[in-house]
Structure formats: C-alpha cells, structure tokens
Amino acid sequence: MKGVNILIDKAEVERVAAFAKLDMGQDMDAHIKAINDLIKIIDGIENIQLDMDDEPLDMELTNTFREDNPMPSMLRQDVLANAPEVEAGCVSVPKILGGEA
Amino acid sequence: MNYETVIGLEIHAELSTKTKAFCACEYHYGGEVNTQCCPSCIGLPGALPVLNKMVVEYALKIGLATHCKINKISRHHRKNYFYPDLPRGYQVTQYDIPLCQDGSIEFYHKGEKRKVRLARIHIEEDTAKLLHDSSYKGTLLDFNRCGVPLIEIVSEPDLRSAEEVKDYLEAVRMLLAALDICNCRMQEGVIRCDINVSVRPIGQKTLGTRVEMKNVNTFSGAIRAVEYEANRQIQLLEEGKTFGQETRRWDDAKGVSLPMRAKEGAADYRYFPEADLVPLVVSDEWINQVQQSQPELPVVRYERYRGMGVPEFESWLLVEHLDKAAFFEQCAQIGGVSLKSAANWIIGDITARLHKASVSIENAPVTPKDLCVILGMIERGFINIDAGRLVLDEMFVNGGTPEEIVQKLSLAQVSDEDYLRGLVREVLEANQKLVTDYQNGKTNVLAFLVGQCMKASKGKGNPQIVNKLLREVMDATGTTNA
Amino acid sequence: MSEIYKMNASELSRMIHQKEAKPSEICAAFLSRHEAVNPKINAYTNIDSDAALKHAKELDEMPITAETPAMFGLPVAIKDNICTHDLPTTCASKMLEKFRSPYDATVITRLREQGAVILGKTNMDEFAMGSGLKESAFGRVCNPHDAGRVPGGSSSGSGAAVAAGSALFALGSDTGGSIRLPAAFCGAVGYKPTYGAVSRYGVVGYACSFDQVGPIARTVSDAALLTSAIVGHDPMDATSHPSFIPDFSTVEAFSVKNKKIGILKECFEGVSEDVQKALNLAIQTYTSAGAEVQEISIPLIKHSLSIYCIIALAEASSNFAKYDGLRYGHRSDHFDDIDSLYINSRTEGFGTIVKQRIWTGTYILSAGNYDRYYKKARIAQAMLRDQFKKIFETVDVIFTPVSPITAPKYGEQLTDSISCLMDQCTVPVNLAGLPAIAVPCGKDNNQLPIGFQLIGRRFEDASLLGFARVFEKETGISNLVAEVLA
C-alpha cells in the first residue's frame, strides 16, 4: 500500500467505495483505469519541495459571524416538497434498528 | 482480586442560544416536527452555514469557568459519515484545534474536593431525531434538532466510581446553569454523555482496555451504565477472558450495554477542515469581556457560604437555587443575625410557605430585611422560635411588618420568672408521676414538661427560662423529699 | 437596427432606459433565437418561455426612472447549479433531475430585485465536474462555432448560449476554469471574480474553497454590468467578503500606459501554433497601447493540477454526501434497508465521472492519506499564493492562454498531457483565489475562437477588467456570435 507508485486495484476500489456509499462494481475496469489516472495526478504532490511542516490556516478572512437573531424557518410543506417518501409530517426512510452511529 | 474503575466522560450539552449554531432557525423542544428548519440545517443543495457568535461566547464562558486555555485561533472540521440523522452527510465540529483545551472542573464528592482534568471543550452541532414507532411504515426523520449548538466537554480518565461520576455530572450541570448557557432540562435530553470505562487491578499503573458507551441520556443512567460496565469487565477478567477496545450502546430501559452493530469495516470519519467557514479568532479583549461578565462559580459560592457558617447541605441548596441565594445574600448584607439561621429559615420555613402559596421568592411577602428583623427578635429573646413562625404565617396571610404582627398577636416572649414559676408549679402539680420519674433519673421527661409549660403560656414563655425553672423546682422538692 | 439577439447588454440596457426597446421585445428575441438554435446546441436544461415573457411584460409596464438599474429588463441565462425556486435546479444530473429548490440563490435574488428576467437554466457538466468534453444527463452541448466540437466546461450551456445568441449573457460557476474555458472555446468573455466577491449561497457546491460565480458575456462591459448586479457581501455566506465591491466605473477609461504585464512562462507549454499566433498579436496590442511586457515564472504552476485535484476532490466527496436519496433527489427503487438505499440511490444517481471523483476524494481523506495528500496540498497552495503575491510586486497583471488548444472535437482522444495542460492555466487562479478573465482574441484556421487569460491581484477586479477592455477597444474583437450552421 505504501510507496509512491501504488496501484489502486479492485479490492481497494471496493473498500473506499463502501465509505462513499457507492457500488463501483459495474464498469469496474473503466473505474480502475480512470481512478488510477486521477491518482497519478494527485501523486504529483510528492514532487513538490514543501517549505513548511504545518498545515497553514488561510487568515485572509476570519470571524464572519451571524448575530443570534432568529429568522423565520421554512414551511413544513417546503421541507418535505422534494422528499421521495413522506409520513406523518416527516421524511420516511426504511426502518432502522438499533441505536445511533 | 480488587479492581479499580477508571472513567472518563464526554458530555454533550445543548446551548440555550436563541438560534441554531449555523443558521437563524429558532429551536424549541417539542415543537411540531419539521417546522424549525431551513435550507442550511437540512442540507439542501447550495445552502451554507454561518457561525452564530453567541455560540462562541457561550463556549468561551464554559471554557473560562473551567480554567481552559483558550485557543486564539481555532477552526471547524467536518466529520463525515452516513446516517439518516445527519442531513449533510457530515457533522460540523472542531477537531485539531478546539476553542478550549487543558482545563479542569472542581467538585465535591463525599464532602471532599475533587478535580477532574478536561482535555478539551469544543463546539459542534446536534443531529436530527429519528422517530421509531411500530405504527409507522418507516423510520421518520424530524430535522428540528439539526444544527442546535452543542458543546462537548471531554474529561481525562480521572473518575473512579459511579458515585463520583454522579457528583461530577451534577457539578457540570450546576456550572452550566450558573453560566446560564444551557437550560439543563434533563428530561429533554439536553445533557447527554458518552462514557469511557476501564477497570484494572488496584495498584496497577497502566490503564485497562477502554470501552466507550454511547447514548447515555440521564444522570441516573450514567450511574447504572458505569456500574454495569465495570462489573461486566471485572467478570470477564475474573473469568480470564480478554476483550478489545470497543464502542457499546447503553440501553437504559434494559439496563445493559450492548455492542454496536458492526458496520462494514471500521469507522473512518475522514475529518478535514470545513471550508464553508472561516477561522475563528478570539481576541484578548473578547476573552476579558467574557471573563468580566462571568457569574460566581458554584464551587466558589459554596465555599464562601461555608465560610459564612452555613452548613454543607444548606450551602449546596443555596448554590443550586440562585433566587434563594440572592435572598440570602441580601440578608448577609443587612447582617446582625446568624447566617446559619438565615439560610435555614430561607430553605426551610420560607420555602415551605412559598411553595404552599405558589409564590416565587422574588415576590415573597417577606423581604430579606423582614427575615433579619424576625431572626433578630428571636436571637435577642424577644420572641421565641414558634412565635417567629407565627409571624411568618401572618405575613403570608395578611401581610404587615414583623414588629406590627408581634404586637398585634401579643407574641412578645414572657421572661418574667415569677409569672413563669407560677405556671411551672401548676404543670408539675398536674403531673406528679412525671416529677417522680424525673427525680428517679428519667430526665427525658423534661422536654414534655417544657412543652406543657409553653402551652400553658400560650407559646409566649421563654423556653430557656421555663426549662431552668422546671429543673430548679423539681430538684428542690426532690432534695427535700430525700 | 441589427437583430436584437446579436446586440450586447450595454446597448440593450441603454435602449430600455431610453425607451427604444421593451423588456418583452428583448426577451422574445432571445426566446425565438433559442427555439431556432437549441436543437443544434442543446444549451438549456429547462426554460419556461411563458413565465419569462410574462415577467418581461410586467416590466414593460414599470416606469423607467433615473434609479432604474442597468440590469432592468435584460434576460439572463443561469447555469443549472444555481438555485431558482421557479425552475428546476438539476446540476445536469440524474440525481437532481426532479429537484426544485424551495429558495433562490442570493445571486438570483439580487438579479430579480434589479428587474432582470431569468431566461432559463443552462446545461453543464454534471455537478460542474468536467471540461465540457462529455455529455450530461441532459445530453451533449455543442459548440455553436462547430457543432461537432465541445463547448468547454463545465459552464458549457452558458458559454454555448451566449455564443449562439440564445442568451444575452449568462451566469456560470468557476471552480477550476469552468467559466473561462467555455468562454474561450465559444468566443465569449468569461470572468471569475476574486474568491469571496460573489455570494456562493444557493450555488450547488463542487469545491467550497474554489467555487465562484461569474458572468459569460459578449463584451467586457457586459461582464462588468452583470457582475455589478450580483457582487457584494452576503451574510448567508461566511466566505463572502464583508466589504469588497469592485468599482467597474473605472473600466471604460482604464489605461495600460506604463502598466506591467507578466507573460507567465509555464502556461505556454504545448500551445498550438494558431493559438500562439493570436496570443502574440494580443501581447503586441498591449505593448502598442503603452504597456510594458516581461516574462515571468511561477514554478509551482506545473504542480497546480495535483494541488487542485486533491483539495477539490476531497471537498467534493464531502459536499456530495448530502445526495443520499433520503430528503430529495434520486431514490432507488431497489433497496432492502437503509444501507442499500444509500448505495443504490447514489450509484444510480451519479454519472461515471462524478462517482470516480467522489471515490478519489474519499480516498484522499481516508485514514492515513490526509497527511500524505491533503495536508501537503494545503501547504503547496499557500506556497503558490506566496509566489503569486511576489510576482504581483513586479507586474500588474498576468497574461496566459486559457487553453493551449482550441475546442477539440467530441470524442477526440486528447493525450494526458494536453488534458492536463488544458487546466494548468486556469486552476492556479482558483488555488490563489485571484480574479481572472478570458478574452476572445481571434480564431484559428478552423474558425474556432481563441482566448487569452488575464489574472489580476486579489480584489483588483476593476483594473483586471480595465486591462481586458483596452484590448477590446483596440482590436474591436468581441461579441463573436456564431451563425450556428447546421
């Protein structure tokens, strides 16, 4: 896995796709090729001589706050307008067992 | 073998700002489902977050109150995971640079002062509520709670027992209440915690394997969870079994911790900086300004009251009830009376009558000055305690000043010894048998006889003098008989 | 009078103000041009002619006063990743095919307030990912100058519509060149403002750090006109600059005399002969107008695509997590539980390129890779910003091609190095948050437009447009409305 020229194989594509909730099974070969092309581009980062160790913060703009003043919320019908399935004023999803993540 | 339990807590507390952390929606617990949300908090395409300044201010209050180092520059991160309660697919939180870190919270456990170190306090947002019911076709999503500001207070593993956890949680709750940054309504789940528990043989230096318990929503649940989990781990160790670091879910209804449903692969939250927000910079002026507006902290107040002679129990009650504490403070300012009695009367007699009359202490018919007058009269022996209570009763029913009432009801205490000796003789004559008992050493009858005399004086007799006279008379007759 | 659809916005605005033209006439002219050319170029995803015309007719009835905004009565086409409450916002993706935003983006609110007519929503690369080389869920957009060629992307529909005369001007969004590339390929002016100048609220995000809305227009003045209507602080966008408003009134009289133009060496690699010739002429135009020209170098430019991809894809992978089939967008018909609902909805809803980029962004952020990719990219980005800052101590503006080649044919296999070079001139601008403009400067042997790019100092958008306007005035090259041949 380590080293500059790692090759992303099917197993790796599937492992990472699971985090992204994607199924890359269809057109796997095309995906592997395209992904490795992208990896080649991002691996180019190895060729840069970095002149600092810590990730810098972009301080061009800071502290863009909102005051604690309420504004009207949306109407429920607008909240639900695009929902594929609605029940009892709520978005409905398949039954979930067990607790929170 | 004897074991020690080692506990660390991550407390999530909802902040009581008027609007949510990153949008201008108001949030009221129990509101109609999906009526307190907007494009930003439900994650509509294109909507963006903007940080509520008051959230930072509230977080600074708790940070300063817990002696944290305030990071002058901090930032927000995204914690990425898919779950239906998370509309954007990520939670905005703080990760590598929290607003507050390296603090401590002091509290009392079994009368002794303890200190728990804090690793950090950071700002994050709450998630949606999942509604489960067998009558629903699916699991329903109510987005009202999405984006409500939370602070997460992360302690070091400095707690050693369930009882200590309880006292620590109480201390945190009291602190949040004193700072007025959380409504602390436990029944609404505004304070929740994740608990890290490990056990180790007493004397062992290294920590045992840590288990994290999520979903602990009440303080009593926290105690049960710690006890259950510590026992479970000890039992495993006793049976010679090993176990790995894991996350379990506390089921309070069943009183058990259960392993979390295994997801494909381990969780990978892919934290990275939230580029829809800009860095948060806290100036010294801002810190000073918050520092100057800080109220007195509960432990400090408690210790001050103890220093004023108020007993432990009453001191905590005053700390807990700031309205009563304010009344007490005014009495202390007027002075001239025992503050121990003042505290006692406020918490006992006055509170009971307020409760009965359904009146708040701010609107009580008795002012701190009135209480001081009443206590002064008692301490000087002008009226007795019972008469003092009658004065209170009268003030609650018909009003008036203590002086007027004492006069009107002729409550002034009678200390005239000749008059009282007459009453004592009458009472003793009617209770010859008790006199004999007393003379035979059964001195506990004295209290009854004092009561009889007080009754005969219609409550006005000075009980100390009555007591003295009773002894004098009985001792004298006893000697004669002997 | 020439045909309305060939005129520029500044002229039409003047005519409305002097009551020589009515908003409804103008709107009708563009709608009929749209009907004529759209079957060939497919620039729009959704257009509601009746509603647009109805709005324009309402504007006809309103009095024209000294306070009437310059935008009043002018039709604007909107890239389909900018939220409108009255037209679908699809991002040209199956995922959002039926999505209708309940709210307007801030830029849309501002346009409406000033009496602009929202003409329709323009086609684009799915979720703004791409260079207009592939078709979206709404089909392929064709280059009006040659229907067999790509329009450039990702604001492909906006570029094509402006060039074909089916839009007067259009809003696009630019994450790594998505306004400038289609402008160059289609022969229009494309301007990406300084990051933070225009609100992102209601703009469906690709990469938060880089996305910026801007105009594709016929002339530099038109670009300034449209930008003036949308620019300025928005309290709904935390990255919106609290006070910056460019003063475009200085654009017309701007002089390049004694100004210094830096020719950025690294961007001229692989440039085709025709393009080079046109660029040389453009440079000559500036020297004749009194500007000083010097060659400059920013070595990190060579690596900018790596830096850009890491940050943009990481942000995209997270931004696109909200498309989960729960609250809106495509929900698969095939699922047994919540997890299969997620996976099937996302797998079916996203196109191939989007999936591959989400995958890569997820990979970049996954355990162990943050330090290896993301952190390094942020450091390199800061270094690049510094290199730009240093260069801007010696020059006032930077000159580059937009792309080394003109619009390629659909299906033409580009070498890896050419497709990388296509982005190499545009992405550094987004990495540094700078303003940049693509300006048409002629055509190649195939009669395809060529554009050059000017990059300005941060917040010096007005003088950037001033530089561009000087070229336009000196050469008369602008408003390359294509005939759209069959």
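In what follows, every chain begins at residue 1, and chains take the letters A, B, ... in the order their sequences are listed.
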What I want to check is whether the side chains of B/Thr19 and A/Asp68 have a donor and an acceptor closer together than 3.5 Å.
yes

Side chain, backbone, both or neither: which part of [X] has a non-hydrogen atom closer than 4.5 Å to chain A?
X: B/Pro39; value: both
X: B/Val56; value: side chain
X: B/Phe143; value: side chain
X: B/Glu57; value: neither
X: B/Leu131; value: side chain
X: B/Leu86; value: neither
X: B/Ser40; value: neither
X: B/Trp286; value: side chain
X: B/Cys41; value: neither
X: B/Leu277; value: neither
X: B/Ser283; value: neither

So how far is it from [X] [atom1] to [Y] [atom2], rounded to the nearest 0.5 Å?
X: A/Thr64; Y: B/Leu51; atom1: OG1; atom2: CG; answer: 8.0 Å
X: A/Arg66; Y: B/Lys53; atom1: CZ; atom2: NZ; answer: 12.5 Å
X: A/Asn69; Y: B/Met54; atom1: CG; atom2: CE; answer: 8.5 Å
X: B/Arg75; Y: A/Asp58; atom1: CZ; atom2: CG; answer: 11.0 Å
X: B/Lys20; Y: A/Ser73; atom1: NZ; atom2: OG; answer: 6.5 Å
X: B/Leu140; Y: A/Lys95; atom1: CG; atom2: NZ; answer: 8.0 Å

Can you find a heavy atom in the side chain of [X] that is under 4.5 Å from one in the side chain of [Y]?
X: A/Asn63; Y: B/Val278; value: no
X: A/Met59; Y: B/Pro279; value: yes
X: A/Ile96; Y: B/Pro84; value: yes

List the steps and the verdict of salt bridge (Lys or Arg N to Asp or Glu O under 4.0 Å) for A/Glu67 and B/Lys18.
CA-CA 10 Å; A/Glu67 297 298 324; B/Lys18 286 206 278 285; over 6 Å; no

Going by the side-chain contact (heavy atoms from CB on, under 4.5 Å) test, name the single residue among B/Thr35, B/Ile42, B/Leu44, B/Asn144 that passes it with A/Val79.
B/Ile42

Determine whether more than 12 heavy atoms belonging to other residues, nucleotides or ligands lie under 6.0 Å from atom [atom1] of [X].
X: A/Glu14; atom1: CD; value: yes
X: A/Asp53; atom1: CG; value: no
X: A/Phe65; atom1: CZ; value: yes

Toward chain B, the part of [X] with a non-hydrogen atom under 4.5 Å:
X: A/Ala83; answer: neither
X: A/Leu57; answer: side chain
X: A/Asp78; answer: neither
X: A/Glu60; answer: neither

Top residue by heavy-atom pair count (under 4.5 Å) with chain A, among B/Cys25, B/Cys23, B/Cys38, B/Pro273?
B/Cys23

Leading residue by heavy atom contact count with chain B [cutoff under 4.5 Å; candidates A/Met71, A/Arg76, A/Glu85]
A/Arg76

Chi angles and distances behind the side-chain contact (heavy atoms from CB on, under 4.5 Å) call for A/Leu80, B/Asn34
CA-CA 8 Å; A/Leu80 303 176; B/Asn34 293 312; 4.2 Å; yes

Heavy-atom closest pair (B/Phe82 atom, A/Lys21 atom, distance to 0.1 Å) is CD1-CG, 3.3 Å

